[in-house]
There are 4 protein chains.
Amino acid sequence: MARGINKVILVGNLGNDPEMKYTQGGMAVCTLSLATTSVRKDRDGNTQEKTEWHRVKLFGKLGEIAGEYLKKGRQVYIEGSIRYDKFTGQDGVEKYFTDIVADEMQMLGGGAEGGGGGGGSYRGGGDRSERPSRPPQRQESAPRREAPPAKSSDFADDFADDDIPF
Amino acid sequence: MARGINKVILVGNLGNDPEMKYTQGGMAVCTLSLATTSVRKDRDGNTQEKTEWHRVKLFGKLGEIAGEYLKKGRQVYIEGSIRYDKFTGQDGVEKYFTDIVADEMQMLGGGAEGGGGGGGSYRGGGDRSERPSRPPQRQESAPRREAPPAKSSDFADDFADDDIPF
Amino acid sequence: MARGINKVILVGNLGNDPEMKYTQGGMAVCTLSLATTSVRKDRDGNTQEKTEWHRVKLFGKLGEIAGEYLKKGRQVYIEGSIRYDKFTGQDGVEKYFTDIVADEMQMLGGGAEGGGGGGGSYRGGGDRSERPSRPPQRQESAPRREAPPAKSSDFADDFADDDIPF
Amino acid sequence: MARGINKVILVGNLGNDPEMKYTQGGMAVCTLSLATTSVRKDRDGNTQEKTEWHRVKLFGKLGEIAGEYLKKGRQVYIEGSIRYDKFTGQDGVEKYFTDIVADEMQMLGGGAEGGGGGGGSYRGGGDRSERPSRPPQRQESAPRREAPPAKSSDFADDFADDDIPF
DNA sequence: TTTT
DNA sequence: TTTT
């Protein structure tokens, strides 16, 4: 019984390897930095390129897959929604963040480096409220991990707190 | 020859009447505050509503039409792209803004108040680099105007400067 | 692990009341006839209107909601995918059908007639492979029903056969 | 002043090289056969793949670029709208066609064979009502051509007749 | 910070 | 008919 549509469709390239975090409940939170470049002619007829860097969040199983298969440079399709967040820093200054929360991800073309073969698409299964007991997959070429899975108490278990971006 | 897709589709209701500004070159810049509400179940099975407020910018003729026909409460379809901006305030603090730059706008259903009849759809004609000489339409129930058209020198004529949001 | 994106977004008005059918397994199948009108200028500068009539299918719970709340004339947002089907008639002639299979539906504005208040949005829960035991809701102003629920053997229980369109 | 949204977003692979035709007025009409594959689990838990083959039409300059750069196997992003057409054959039998009329095209990843390097994106410039005098580019690995440019009288010059699909 |  |  929602009211409104909030839909984002992106095709871009990753500026970095995925960043993985895990909530206290063990849910994967993968953050991508995704570039989309557009071109327009200015008044003088010169071609102007402009790149937007999107901060894309993938949760749960979708985040685990992203962390496992995506790599810097890889081209990817993302479908999701826009979320605006506001945090008040230690210094009392409010900071604003805009995230794209992904519902679907699809790897495109052939990756830039490594990247494990071809494409594939995945939908978020809405498992953001579940507590996956299966530990995250470890592997040689693991994504940058910035928080140990399922043990830190830095993150409250409630979803609202899971996603502190700094 | 762009590289990437940056597409946003919104259906929501206006939280306020449109705000109109004009660049020194006379181009209309209409800003909408658009709410999209979504629902999700939290871990306890309770329904959680969350409303995102999107700042939507419409330029040129599309902005003029939006300013003329849209009203607070009206339901509207917007298609466009995400643009992230950063400004450094007088105090040296960086501020971040996220805009949805509209390519297409369509009024939906019957408006909340006034709203002038049925729907209608309009595409941005890419006239952002032109200098419309036709003055903006004036009318009784005009949108809030915060800058006089085509005379202020507060705004540089270049598009890059046209869109200072504060 | 799909490969490809097949996404349709429609905003249009219903040309008729929804048509409800039920598979032998009891799954609701709601069919909408949805008009979208576009305008273009022809070579002579004349404005040409063109209306496309989309055949939209909603399955399961999403179909039940559509059948219950939608009415002729109502404006609706549909998100889904395109499906092309081919059937060979009794006369051996092949017939082609194109359906929009809805994943999400949202009622827009105020309905044309009746229509039960405001809007609301619903997502297909992927229950197309389940067998809902709950009987479909009956009510005074019920949508046209063309097949009795959950008793006919005209339709095989497998999904592949559930959706014969004639 | 249109009423309604009719939007299609596809990411898929070409099943064949592009087919080029030209209207009597000299406008390029490029037809793509584009596959999108989706996966669902059936009732027995088996994975079912289903491929939809979309017939995508690109007109004018967008069609020329598609004809020049796309190749069988290539992955491509298409944005456009659905168009339903009906033709009555010589035998008096009505035939139905569904086309995706592209507004935007972007080549993804690296092509399958040849394909001339990386990606690139292009928007339809709405030049469907113009008469491009520039002859279509010829080259060694030209797309299949089924009609000579700008001389045949088989096709009426009006757009309505330009696009007979058989 | 990506990509072409 | 593509792709993985």
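Order of the sequence lines sets the chain letters (A, B, ...), proteins ahead of strands, with each chain counted from 1. Values below: all heavy atoms of this structure, side chains included; hydrogens, waters and symmetry mates excluded.
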Of the nucleotides [options], which one has an atom closest to the side chain of [X]?
| X | options | value |
| --- | --- | --- |
| D/W53 | F/dT1, E/dT2, F/dT3 | F/dT1 |
| D/T51 | F/dT2, E/dT3, E/dT2 | F/dT2 |
| D/S33 | F/dT1, E/dT3, F/dT2 | F/dT1 |
| A/A35 | E/dT2, F/dT1, F/dT4 | E/dT2 |

Measure from [atom1] on [X] to [atom2] on [N] and round the result to the nearest Å.
| X | N | atom1 | atom2 | value |
| --- | --- | --- | --- | --- |
| D/L70 | F/dT1 | CG | P | 20 Å |
| A/H54 | E/dT1 | NE2 | P | 17 Å |
| A/K71 | E/dT2 | NZ | C1' | 15 Å |
| D/K50 | F/dT3 | NZ | P | 20 Å |
| D/E49 | F/dT3 | CD | C1' | 9 Å |
| C/Y84 | F/dT2 | OH | P | 18 Å |

Between the base of F/dT1 and the side chain of D/N16, is there any donor-acceptor pair under 3.5 Å?
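When only heavy-atom distances are counted, D/N16 does reach the base of F/dT1 through a donor-acceptor pair under 3.5 Å.
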Lys/Arg N to Asp/Glu carboxylate O, [X] vs [Y], below 4.0 Å:
| X | Y | value |
| --- | --- | --- |
| D/K7 | D/E79 | yes |
| D/K21 | D/E19 | no |
| A/D17 | A/K72 | no |

Heavy-atom donor-acceptor pair, D/D99 side chain to D/R83 backbone, under 3.5 Å
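Side chain of D/D99 to backbone of D/R83, a donor-acceptor pair under 3.5 Å: no, none is there.
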Mind checking A/T36 for me? I need base, sugar-phosphate or nothing, with any heavy atom below 4.0 Å counting as a touch.
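If one applies the 4.0 Å heavy-atom cut-off, A/T36 turns out to touch nothing in the nucleic acid.
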